Asker: 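First the structure, which I've put down as structure tokens, then a few questions once you've had a look.
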Amino acid sequence: MSALSEKADSPLKKKPPSWSDIWLRNTKPLKHVVFTMPLQSLSPKDPKSQSIIPTFANIDRTLLLSDELLLQILSKLPHLQRNPNSLVCKRWLNLQGRLIRSLKILDWDFLESGRLFTRFPNLTHVDLLNGCLLSPRDSGILLTHRLASMQMGSGFCSNRKFLEEDLLPVEAVDKGLQALANGCPNLRRLVVINASELGLLTVAEECLTVQELELHKCNDNVLRGIAACENLQIVKLVANVDGLYSSSVTDIGLTIVAQGCKRLVRLELSGCEGSFDGIKAIGQCCLMLEELTICDHKMDDGWLAGLSYCENLKTLKLLSCKRIDRSPGRDEYLGFCPALERLHLQKCLLRSNKSVRALFRVCEAVREIVIQDCWGLNNDMFRFASVCSSLVPVNMA
């Protein structure tokens, strides 16, 4: 027994473990290996295919849209959202510029350098008034007028003409108009100051679609340039503005406009001189004229009688007039406007009974009279309105 136990306890007699025993003794690691191998074998071996999914989320999907389609989408957005949209990327910035149709130029170099047409290639309405002003950019004094706003230095005189002394030279304005005519062939509306006849002729030759023109500081010679704009329908002439600048438009200039712009529908004369002959020429030549506005006029006595030649005139507006007509003439020579419907008087001095009586006589076919912020009225003047047989109640403000 002792011998058997001695043999059983002897380490020399123990059977060494085989590789199969070791392999099968613990199957947990084996299962881990077996389950891990298929997962590793299913993973892609191409490194390029691994980056498809994570980078697809960073792709700008609007690149798949054409410029025309994206322009239609951007055009449907509210106007308040257009400026933030232009900050998204350069492509959106360029596309947003193509949607802009109207622009007010503040920096003249932006026009002369040609950057204006690269940034906004489809402009149809351009306002050059503020861009023609030479004013210090770092000044804290701001001069505001209903026509323009400008910064000014502290060393100014009370009797100086602000805009007249701070305007670009005529040559520089004409050069800018030439660049504008070449870059904006579809121009329809233009506002400019201190231009010459040659500059306006360039616009008339290159921009055949111009329909609205606003000229500041113009004179008779300048108006020869707009006679070549055959499609003009709306014209505003500002000759003289007290305290800002001075110029002169007489019967000669009014006749030039009448003979050259026969398709006029709306005409505004501000600070213009003239007389019966100029108003008569407008009435005889501009047969489509429906609205006439006269602001702060400097016309000679007797001009009211010329309104009777405006046979299709529907609206007459008198604004900021210190006088109407001191000597309108006899009633039988005044005539009247047969198609006139509305008469607007705003900020006018109406102290002369003779002038107001003649005005109502010319406007006897009117149906509506609006009197706003006028002074000098009395009871007799309302009695003069009785000649207007088709008049509805007068509106006063």
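All values reported here derive from a predicted model rather than from experimental measurement.
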Asker: Can a side-chain donor-acceptor contact be found between D174 and S196 if the only test is distance below 3.5 angstrom?
Answerer: yes
Asker: For R326, does the CZ atom sit with more than 12 other heavy atoms under 6.0 Å from it, leaving out its own atoms?
Answerer: no
Asker: Determine whether a donor-acceptor pair (N or O, by modelled atom type, separation under 3.5 Å) exists between the side chain of H216 and the backbone of N240.
Answerer: no
Asker: Restricting to non-hydrogen atoms, name the atom on L177 and the atom on A195 that form the minimum distance, rounded to 0.1 Å.
Answerer: CD1-CB, 3.7 Å
Asker: Filter on salt bridge (Lys or Arg N to Asp or Glu O under 4.0 Å), then keep only pairs touching residues 114-134, sequence neighbours left out; what's left?
Answerer: none
Asker: Can you see which heavy atom on A358 is nearest to which on L304, and at what distance?
Answerer: CB-CD1, 4.1 Å
Asker: Taking the basic N atoms (NZ, or NE/NH1/NH2) and the acidic carboxylate oxygens, is any pair closer than 4.0 Å for R189 and E214?
Answerer: yes
Asker: Could you tell me if D251 and S275 have a donor-acceptor pair between their side chains, going purely by distance under 3.5 Å?
Answerer: yes
Asker: Are there more than 12 heavy atoms of other residues, nucleotides or ligands under 6.0 Å from atom CD1 of I252?
Answerer: no
Asker: What is the minimum heavy-atom distance between K354 and P328, and which atoms define it?
Answerer: CD-CD, 3.7 Å
Asker: Out of curiosity, Y245 OH to K217 NZ, how far, rounded to the nearest 0.5 Å?
Answerer: 9.0 Å
Asker: Answer yes or no: is there an ion pair linking D242 with K322, defined by an N-O contact shorter than 4.0 Å?
Answerer: yes
Asker: I'd like to know if E230 pairs up with R263 as an ion pair, taking the criterion as any Lys NZ or Arg NE/NH1/NH2 lying under 4.0 Å from an Asp or Glu carboxylate oxygen.
Answerer: no
Asker: For R188 and T209, which I'm curious about, is there any donor-acceptor pair between the side chains at under 3.5 Å?
Answerer: no
Asker: Taking the side chain from S248 and the backbone from N219, do they hold a donor-acceptor pair closer than 3.5 Å?
Answerer: no
Asker: Please say yes or no: joined through hydrophobic side-chain contacts below 4.5 Å, possibly via intermediate residues, are F117 and F110 part of one cluster?
Answerer: yes
Asker: Taking S327 for its side chain and D301 for its backbone only, find out whether a donor-acceptor pair lies under 3.5 Å.
Answerer: no
Asker: D325 side chain to G302 main-chain N or O, any donor-acceptor pair under 3.5 Å?
Answerer: yes
Asker: Verify the neighbour count for atom CZ of R266: are there more than 12 heavy atoms of other residues, nucleotides or ligands below 6.0 Å?
Answerer: no
Asker: Mark yes when over 12 heavy atoms from residues, nucleotides or ligands other than R351 sit less than 6.0 Å from its CZ; otherwise mark no.
Answerer: no
Asker: Run the salt-bridge test on K298 and D296 with the 4.0 Å N-O cut-off and return the result as yes or no.
Answerer: yes
